[in-house]
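Working notes, structure below.
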Amino acid sequence: MSVRAALRCAPMAGDLPGLRLLRVGDDWDLLRTPAEIGLLALARLRAIGAAIGPVLYDSPNERLYYAIRTGAAESWDGLPVRHLSSSSWLVAPGLDLIDNWFGGWCELPDDDTLTDPAILRAALHHPYAAAAQEASAGSCRQGFTARLRFDPTARGHP
């Protein structure tokens with residue numbers, strides 16, 4: 001089932017209107033990245049014309065979530081990412097929620113497209129993303145995330 005289809009039938013997340021609770025690990029897994037690195041990787045994926053699956057921007061926690069195939073055993077060594085699979089859940093905005101505070105869907109294809117883990121790994125290792133990793137590890141972080149803001153009019157938003 002595609003992420004879009006899962007959103008249509010997912011239960012609400014508590015009393016939070018517009019937010020849904022998605023089960024991870026059945027039809028797709030998630031790769032969670034820091035927003036500053038994940039947004040640079042997303043720009044790289046778009047630039048090379050890669051097929052991009054659903055990508056969720058979580059503004060309060062400054063994270064991106066990429067939908068990848070279930071069981072992707074790719075090596076994420078050396079990257080500040082977390083692979084979420086079975087027994088994981090994601091609170092995500094429904095199709096009708098656009099909220100600059102919460103964030104939203106940077107990409108949400110109509111079909112079951114998922115981001116290829118090998119191509120995503122290469123984008124996360126791209127020199128721009130690597131520079132962001134170094135900056136976030138040091139004291140240069142201040143001001144960097146201020147330039148990375150969610151734009152609901154960007155390509156791929158529902």
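Numbering starts at 1 and runs along the sequence shown.
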Is the shortest side-chain heavy-atom distance between [X] and [Y] below 4.5 Å?
X	Y	result
Met12	Arg20	yes
Arg4	Asp110	yes
Pro54	Pro109	yes
Cys106	Leu42	yes
Tyr66	Pro117	no
Ile52	Arg46	yes
Asp58	Tyr65	yes
Leu56	Pro93	yes

Provide the closest heavy-atom pair for [X] versus [Y] in the form atom of the first, atom of the second, distance.
X	Y	result
Leu7	Ala92	CD2-CB, 4.3 Å
Thr115	Gly53	OG1-N, 2.9 Å
Thr70	Asp27	OG1-C, 3.2 Å
Ala41	Ala123	O-CB, 3.8 Å

[atom1] of [X] to [atom2] of [Y]: how many Å apart, nearest 0.5 Å?
X	Y	atom1	atom2	answer
Met1	Arg8	CE	CZ	10.5 Å
Asp77	Arg121	CG	CZ	9.5 Å
Tyr57	Leu64	OH	CG	8.0 Å
Trp28	Arg23	CH2	CZ	10.5 Å
Ser88	Arg32	OG	CZ	9.0 Å
Leu108	Ser2	CG	OG	7.5 Å

Verdict with supporting geometry, Ile119 and Leu45, side-chain contact (heavy atoms from CB on, under 4.5 Å): CA-CA 8 Å; Ile119 295 172; Leu45 293 172; 3.4 Å; yes
Donor-acceptor contact present, side-chain Asn61 to main-chain Arg63, <3.5 Å: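 Absent.
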Polar side-chain atom of Thr33 near backbone of Val81 as donor-acceptor pair, under 3.5 Å: no
Salt bridge (Lys or Arg N to Asp or Glu O under 4.0 Å) evaluation trace for Asp29 with Arg69: CA-CA 6 Å; Asp29 287 353; Arg69 73 178 181 276; over 6 Å; no
Derivation and outcome, side-chain contact (heavy atoms from CB on, under 4.5 Å), residues Leu84 and Leu31: CA-CA 6 Å; Leu84 304 170; Leu31 189 73; over 6 Å; no
